[in-house]
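Okay, so here's the structure we're looking at.
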Amino acid sequence: MTMIDSSCLMENGGGVGGGGGGSCLPCTSEEEKQIVEELNREAERDLKEGNLYFVVSSRWFSKWERYVGQGFVDNLDNGKSLESQDLDVERPGPIDNSDIIEGGSGNEGDELELVRALLEGKDYVLVPKKVWEKLVQWYKGGPALPRKMISQGVFNRKQFNVEVYPLRLKLIDCRDDSESTIRISKKASLQELYERVCSVRRVEREKQACIWDYFNKQKSSQLSISNQTLEELNLQMDQEILLELKEESSHSQSGKDSTGNELAVVTLEPPRSPMSIAGGPVMSNGHSSSYSLDLQPGSALNSSFTDMDNGFGVHSSVRRVEKGGLAGLQNMGNTCFMNSALQCLVHTPQLVEYFLQDYSEEINTQNPLGMHGELANAFGDLLRKLWSSGRTAIAPRVFKGKLALFAPQFSGYNQHDSQELLAFLLDGLHEDLNRVKQKPYIEMKDWSGEPDEEIADECWRNHKARNDSVIVDVCQGQYKSTLVCPICSKVSITFDPFMYLSLPLPSTVTRSMTVTVFYGDGSGLPMPYTISVLKNGNCRDLSQALGTACCLEGGESLLLAEVFDHKIYRLLENPFEPLVSIKDEDRIVAYRFSGKGTGRRKLEIIHRDKSTLEILKGNVGKSFGTPLITYMDDDSPTGADIYLAACKLLSPLKRASSPTMAHSGKENGLLSEANAETSSSCNGHCEPRDQSIGDTELEDTSSQELSFQLFLTDDRYSSCKPIFKDSVISSGNQIKVVFEWTEKEQKLYDSSYLKDLPEVYHKTGYTAKKTRQEAVSLFSCLEAFLTEEPLGPDDMWYCPSCKEHRQATKKLDLWMLPDILVFHLKRFSYSRYLKNKLDTFVDFPIHNLDLSKYVKKKDGHSFTYELFAISNHYGGLGGGHYTAFAKLIDENRWYSFDDSRVSPVNEDDIKTSAAYVLFYQRVRTESKGESGETSQVQAGS
């Protein structure tokens, strides 16, 4: 590694905190990389609110990364061929942020507008101030897009984020109805907003300007000078604020009381009844709820924020309230994911019944894992409004503010995952409503041989001793997890709770793959096989299909490998390696063995051409053909063992009429000294022949087969030394040798069988017809979820018997099901090779989902379920649109909830390929009379 001259760095400002330009030559790419890495580390050590970062276009920054050598391996074809890639990358030109700025260009400063919905890492990167200064010093350009770091969240959920998109407000001046745009941090105070408004509209402070929260063009509340932040007041991106002056607004609130004192926030919302709970049933529009509730006095669950969330002003005339549950949710800027999740939850019958009652006694404000009851209050308040406002759309500003406060990952205006939000909400509501105020410490037992029922019951009692809420009552079930150690067969059984089941989507799209099978014991010639496998399958699927095609017998196994540049590039020993990691142009081989290969020493033989023809071409020692692999079961193999194994592997290639080569060297069949000398070139790094063992005679029984020369090489094939009979081989668990082919070997063996290894997919002259994904059933998804499979290499299990981490097999079984059963269909897949969304149509039952055959515990409960809500996702990764379908149980009718738009939908139309999260309710079976006839009643109805 080139070391940077410290004096030069200081003159160039290269030292941390260094100054501007100097007298040294420009930095090299390696120097630039080292300087930036050090400055990034310094910034990470000093994270705090107010730190300045700069937005840089990924298009330009990726060019700089390639220039300095960062991340270039990811851009290579699997990192295989450095020679085949153009690594002489030119130095990038001036910094160019034009592609991420609205209009493509502009002046420097905070007023530049970024293109909406940019994604970090994909569209832009964030660099600390000192890094930006260095980049500008080296490359010039711009424009500069500074952004400040802010702190978001509360309690133990605080995190630092760079505010890439500051709050943008539309200022309406009531004097002339003109509009101005104000860009300001959400962490700014009302005092700062007041000063900015007065500056923009050139209003003198003496004129007593009044600023109103003018959301939905309705005066919600007056914003007077205070230290409250705009985030705390739930001001939203692109919403309106209204400027009034005292002389023009004498008919409205002035912002001061009769004594002249300033008012913090003057709400126009009617006072809530002391009989209401969390803002209901008397709503902010003055409408009475259509629900007749048994409310208790003294409920103190009102939100700390007041909000005209339903869009009604105080002067709206009272009208008849329509039935509840049909209100939409306004989109607050890419919040369709939140709206979809919320509509599913607020139409869950048991949650509706619970939050329309007085739940104040169950609020847990002391739970360190909860949100001091604020999330439950905000959700309950919103649910009441949705069930009390008829068909008027609600703007969930307060709820969104609470969500950003307690889950900063959902703040901002980027698209998020509705299932991830649902998981957070269910867990958060549970902790806020946990009836257990002091969680007891419970020591886990090491079970051994007890009946499953006994273990499951105790595990559930232990869980309930620490977790007891309406969410546990309604939404939590229990599954059995069985782990088996692959080495000692130790079995570990646990029973764990769940709130939803994430089901994989079995793919039916197939892929044609050609794989060449070699015999690892030399018992047959290599043979290519073309098979069909699932496109999204794994190496286990490939091995099984290949084993069927080549008639693999019991006790035999296949070792898959990828060959590149005539060497083994990688062994595909992980059965769960995804097939997407194998490209169509790759070359895959399978070595066929008797028995399993786990833990056995491998011998790999690669081939080098030393024939006269290749020497004349100048290709001395050029690799060719396909490597051969066999297993060496000797603890300390010798050179003779290596030669005999090589003979065995090459025996199928022996020509039928080959001349004998018994005396090609010395008359006694020894390896000739001349042969060792002339064959000692292996990348020019061969060691000299060991004279002490060079003339040792090989066994007579194989002397006619052992006239060729083998060389021991290293993992990088960079050096090699001759192998003789008495050579002691100590190369760990893998031995790599080079077989040199001269004219003699070419006459004895037919090397053509080793050449022309086919690609995985042979491209023909015409385009193959694309295979379409067929529909799969919800049952097949559930069965895939319950299938036994090994743990991933990053999720190893510590075996208490072996005292080591093992890749155990894991089997899940459903033990106990909840009244509300949620299925998450895993449509989004992320791996190092591919990011993808599956649009597979899943055929799920709407009525009578019978899960009895999948449940192990037969406790007399019904295992039949009815669908009542769906969260849908349309579109691709990183965007798309979320909607919801929900059923009004009392009406027995389905509705579509698309943000603020609500409309009836036929039951036949709710099954689509967009279905993402499914909500089912248990159907209880009740006996009637002496006849034994039964009827089905939905749980919670």
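This chain uses plain numbering: 1 for the first residue, then up along the sequence.
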Quiz item: Below 4.5 Å, heavy atoms only, C-beta onward: do Val738 and Leu710 meet side chain to side chain?
Solution: no
Quiz item: So, do Ser481 and Ile493 sit near enough that their side-chain heavy atoms are less than 4.5 Å apart?
Solution: no
Quiz item: So which heavy atom on Ser29 is nearest to which on Val68, and how close?
Solution: O-CG1, 3.4 Å
Quiz item: For atom OH of Tyr753, is the number of surrounding heavy atoms from other residues, nucleotides or ligands below 6.0 Å larger than 12?
Solution: no
Self-check item: Within-4.5 Å side-chain heavy-atom neighbours: Tyr631 and Lys602
Solution: yes
Practice problem: Kindly compute the distance separating CG (Leu778) from CG (Leu825), expressed to the nearest 0.5 Å. | Solution: 6.5 Å
Quiz item: Atom CG of Asp750 and atom CZ of Arg655: how far apart are they, to the nearest 0.5 Å?
Solution: 4.0 Å
Quiz item: At their closest point, which heavy atom of Leu542 faces which heavy atom of Val533, and how far apart are they?
Solution: CA-CG1, 4.1 Å
Quiz item: Quick one: do the Glu577 and Ser581 side chains pair a donor with an acceptor below 3.5 Å?
Solution: yes
Practice problem: Verify the neighbour count for atom NZ of Lys596: are there more than 12 heavy atoms of other residues, nucleotides or ligands below 6.0 Å? | Solution: no
Quiz item: Distance only, no hydrogens: is a donor on one side chain within 3.5 Å (strictly under) of an acceptor on the other, for Asp586 and Tyr569?
Solution: no
Quiz item: Stepwise, does the side-chain contact (heavy atoms from CB on, under 4.5 Å) test hold for His607 with Trp741?
Solution: CA-CA 7 Å; His607 311 280; Trp741 291 74; 3.1 Å; yes
Quiz item: For the residue pair Phe518 and Tyr591, does the interplanar ring angle fall in the parallel (under 30°), tilted (30 to 60°) or perpendicular (over 60°) class?
Solution: tilted
Exercise. Indicate whether the side chain of His566 and that of Ser623 have a donor and an acceptor atom separated by less than 3.5 Å.
Key: no
Practice problem: Given side-chain contact (heavy atoms from CB on, under 4.5 Å), test Ile723 with Tyr643 step by step and report yes or no. | Solution: CA-CA 9 Å; Ile723 300 175; Tyr643 273 96; 4.0 Å; yes
Exercise. For the residue pair Glu745 and Thr742, confirm or rule out a side-chain donor-acceptor distance under 3.5 Å.
Key: yes
Exercise. Check whether any side-chain heavy atom of Leu559 sits under 4.5 Å from a side-chain heavy atom of Phe593, and report yes or no.
Key: yes
Self-check item: Polar contact flag, side-chain donor to acceptor under 3.5 angstrom, Thr809-Glu789
Solution: no
Quiz item: Residues in ring pair (Phe, Tyr, Trp, His ring centres under 6.0 Å) with Tyr798, at least two apart?
Solution: His805
Self-check item: Residue pair Ser777 / Val842, side-chain heavy-atom distance below 4.5 Å
Solution: no
Quiz item: Do any N or O atoms from the side chain of Asp641 and from the backbone of Leu644 form a donor-acceptor pair under 3.5 angstrom?
Solution: no
Quiz item: When rounded to the nearest 0.5 angstrom, what is the spacing between CZ in Arg608 and NZ in Lys622?
Solution: 12.5 Å
Quiz item: Would Arg511 and Asp584 satisfy salt bridge (Lys or Arg N to Asp or Glu O under 4.0 Å), going step by step from the backbone distance to the final call?
Solution: CA-CA 10 Å; Arg511 173 189 184 186; Asp584 286 346; 3.2 Å; yes
Exercise. Without swapping roles, check the side chain of Arg827 against the backbone of Leu505 for a donor-acceptor pair under 3.5 Å.
Key: no
Self-check item: Separation between CG of Leu650 and CG of Leu628, rounded to the nearest 0.5 Å
Solution: 6.0 Å
Self-check item: Heavy-atom closest contact (Asn574 atom, Cys539 atom, distance)
Solution: O-CB, 3.8 Å
Practice problem: Could you tell me whether the side chains of Tyr854 and Glu783 share a donor-acceptor contact shorter than 3.5 Å? | Solution: yes
Exercise. Side-chain contact test, heavy atoms from C-beta onward, threshold under 4.5 Å: evaluate it for Arg587 versus Thr626 and give yes or no.
Key: no
Quiz item: Centroid-to-centroid, Tyr916 to Phe828, below 6.0 Å?
Solution: yes
Self-check item: Arg592 vs Glu556 side-chain heavy atoms within contact, under 4.5 Å
Solution: yes
Exercise. Could you please spell out the steps behind the side-chain contact (heavy atoms from CB on, under 4.5 Å) verdict for Phe724 and Thr638?
Key: CA-CA 8 Å; Phe724 303 100; Thr638 64; over 6 Å; no
Quiz item: Taking atom types as modelled, is there a side-chain donor on Ser512 or Ser532 under 3.5 Å from an acceptor on the other?
Solution: no
Quiz prompt | Nearest-0.5 Å distance, CG of residue Asp541 to CD1 of residue Ile531 | solution = 10.0 Å
Exercise. For residues Tyr67 and Trp64, establish whether the separation of their ring centroids is below 6.0 Å.
Key: no
Quiz item: So with a 6.0 Å cut-off around NZ of Lys63, is the heavy-atom count from everything else above 12?
Solution: no
Quiz item: Who are the side chain to side chain donor-acceptor pair (under 3.5 Å) partners of Arg600, not counting sequence neighbours?
Solution: Asp633
Quiz item: Closest approach of Ile582 and Arg570, non-hydrogen atoms and distance?
Solution: CG1-NH2, 3.9 Å
Practice problem: Using atom types as modelled and distance alone, determine if a side-chain donor or acceptor of Thr548 lies under 3.5 Å from a backbone N or O of Gln544. | Solution: yes
Quiz prompt | Shortest non-hydrogen contact between Met632 and Pro637, atoms and distance | solution = CE-CB, 3.9 Å
Exercise. Would you name the heavy atoms of Gly121 and Ser58 that are closest together and state the gap between them?
Key: O-OG, 3.8 Å
Self-check item: More than 12 heavy atoms of other groups within 6.0 Å of Met796 CE
Solution: yes
Quiz prompt | Expected output: side-chain Asn538 to main-chain Arg540 donor-acceptor under 3.5 Å | solution = yes
Exercise. Look only at the side chain of Gln807 and the backbone of Leu791, and say whether a donor-acceptor pair between them is shorter than 3.5 Å.
Key: yes
Practice problem: Would you check if Phe711 and Val737 make a side-chain contact, meaning some heavy-atom pair closer than 4.5 Å? | Solution: no
Quiz item: So, the side chain of Lys811 versus the backbone of Leu786: is there a donor-acceptor pair under 3.5 Å, distance only?
Solution: yes
Practice problem: Report the distance from atom OG of Ser557 to atom CG of Leu552, rounding to the nearest 0.5 Å. | Solution: 7.5 Å
Quiz item: Passes side-chain contact (heavy atoms from CB on, under 4.5 Å), Val491 versus Leu483? Steps please.
Solution: CA-CA 6 Å; Val491 177; Leu483 293 171; over 6 Å; no
Practice problem: Just jot down the side chain to side chain donor-acceptor pair (under 3.5 Å) partners of Ser651, sequence neighbours excluded, or say none. | Solution: none
